[in-house]
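Sending over a structure as C-alpha cells; questions will come in a sec.
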Amino acid sequence: MLDTHRPSPVRPASGGRPPRRLAVARRLTTVLVAVIVAVQVYPLLWIFLASVRPAQEFAAGNPFALPSSITLENFTRAFELADLPRYIVNSLIVTLASNVLIVALGMMAAYAIQVLGFRFSRGVLALFLVGIIVPVQVALVPLFINYSRVGLLDTYQSMILPLVGFALPISVYLFTSFFQYIPRETYEAASLDGAGPYRVFFRITAPLSVNTVVTVVFVNSIFIWNDFVFANTFVLSEELKTIPLGLQNYIGAMGATDWSATFAAVCVTVTPLLLVFLVLNRAIIYGLESGATKG
C-alpha cells in the first residue's frame, strides 16, 4: 500500500525578526526622513537665531555661529524701520479674500464637473489642468495694460484676481479627485428625498469636503502670502504693500541692509503660517491623501 500521508508545510514562526533587507531598508528610510527634516528645519532655526543675535556680533562674527547673547532689539528695529503691521494687514486681506474666492469657485467648478456632469466635462477638466503649467510671467504685461485701462492698478483687486486665477487649476483638481470617492448612492438618496443640486451641494458635498478645503486653503496661502511678482507689478503705493514688498524697505542706501532686523521681520511674518500648519497638519495631510493620492 502506498503511503498517502503528506507532511504538513512548515510555517515560519510568528514574531521572528524581519528579514535583514527589510531592516536595512527601514533604517535607510529613517535616515532619509531625518535628513529631509533637518534640511527643512535648519533654515527656520537659523533665521530665528539670527533674529535674536546682536547686530554687531552678526555683522562682525561668523553668521552661522551660535549667538553669545540673546536680544529682542532686532524686533524693535524691525517695526521702526518699516510699517510692518500695515504689510501684515495687507497680506491678510489679500490672502483671505483670495482663499474665499478660490474655495468657492474651485469647489463649485469641481462639483459641476465631477458630480453633476455635462457634455465635454472631461475636456473642461483637462483645460483646468493645463493651467497648472502656465507660468505667471506670461500674464503680467496683458494684465498691467488691462488694469491701467479700467483703473484697477494699485488696488487689492489687482493682486487678488490673478492669484485666484492661477490657483484655480490645482484647487479644481484636488476637489475633483476628492468628489470621486463620495458614494453615488448618497446623491441618489438625496435626490429621492427631493433635494436639488444646490441643496445637495450645501448639505452633502460641502460638509464632506472640510479636510480638502483646509488643504486647498493652506497650500494656496503659502504662495499668496509669499507672492512678490503680482504685488511688485501692480502695487505702486506704500499703503498697499504686502510683506514681500515691505521687506525691501529694510535695504538702505547703497544696498546697506540691517540683516538682524530683516531676519526679525521674517520671523514675525512666517510665524502665522507655521502656527496654522501645526494646528491643522492632520487635516492638511488627510486632504492631500484623499485629493491627490486617491485621485
Legend entry - Any side-chain donor near an acceptor of the partner, Thr155 and Tyr147, under 3.5 Å: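 Absent: no donor and acceptor within the cut-off.
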Inset, instruction - Describe, in one word, how the ring planes of Phe144 and Phe234 are oriented to each other, choosing from parallel (under 30°), tilted (30 to 60°) and perpendicular (over 60°). - result: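 Taking Phe234 first and then Phe144, their aromatic rings lie parallel (interplane angle under 30°).
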Inset, instruction - Looking only at non-hydrogen atoms, find the nearest pair between Val103 and Phe175 and report the distance. - result: O-CE1, 4.3 Å
Legend entry - Hydrophobic cluster membership, Leu274 vs Leu45, 4.5 Å side-chain cutoff: yes
Legend entry - Partners passing side-chain contact (heavy atoms from CB on, under 4.5 Å) against Val35 (at least two apart in sequence or in another chain): Val31, Val39
Inset, instruction - Would you give the length of the straight line joining atom CG of Asp227 to atom CG of Leu245, rounded to the nearest 0.5 angstrom? - result: 8.5 Å
Inset, instruction - Could you grab the distance from atom CG of Leu174 to atom CG of Asn211, nearest 0.5 Å is fine? - result: 12.5 Å
Legend entry - Linked, directly or transitively: Leu236 and Leu152 (ILVMFWY side chains, under 4.5 Å): no
Legend entry - 4.5 Å side-chain heavy-atom contact, Phe128 and Ile113: yes
Inset, instruction - Check whether any side-chain N or O of Ser91 sits under 3.5 Å from a backbone N or O of Ile243 as a donor-acceptor pair, and report yes or no. - result: yes
Legend entry - Ser51 side-chain N/O to Phe48 backbone N/O, donor-acceptor pair under 3.5 Å: yes
Legend entry - Partner set under side-chain contact (heavy atoms from CB on, under 4.5 Å) for Ala82, not counting sequence neighbours: Tyr87, Asn249, Tyr250
Inset, instruction - With salt bridge (charged side-chain N to carboxylate O under 4.0 Å, His left out) as the test, would you mind laying out the steps for Glu80 and Arg77 before giving the verdict? - result: CA-CA 5 Å; Glu80 292 177 351; Arg77 290 201 318 281; over 6 Å; no
Inset, instruction - State whether a side-chain donor-acceptor pair under 3.5 Å links Ser98 with Asn220. - result: no
Inset, instruction - Calculate, to the nearest 0.5 Å, the distance between atoms CH2 and CD1 belonging to Trp225 and Ile88 respectively. - result: 6.5 Å
Inset, instruction - For Glu238, look at atom CD and say whether over 12 heavy atoms of other residues, nucleotides or ligands are found less than 6.0 Å away. - result: yes
Inset, instruction - Considering non-hydrogen atoms only, spot the tightest contact between Ile132 and Ile170 and give its length. - result: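 For Ile132 versus Ile170, the nearest heavy atoms are CG1-N, 4.1 Å.
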Legend entry - Contact list for residues 113-133, test side chain to side chain donor-acceptor pair (under 3.5 Å), sequence neighbours left out: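 As it turns out, the side chain to side chain donor-acceptor pair (under 3.5 Å) pairs with a partner in residues 113-133, which skip direct neighbours, are Gln114-Arg122.
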Inset, instruction - Verify the neighbour count for atom CG of Leu28: are there more than 12 heavy atoms of other residues, nucleotides or ligands below 6.0 Å? - result: yes
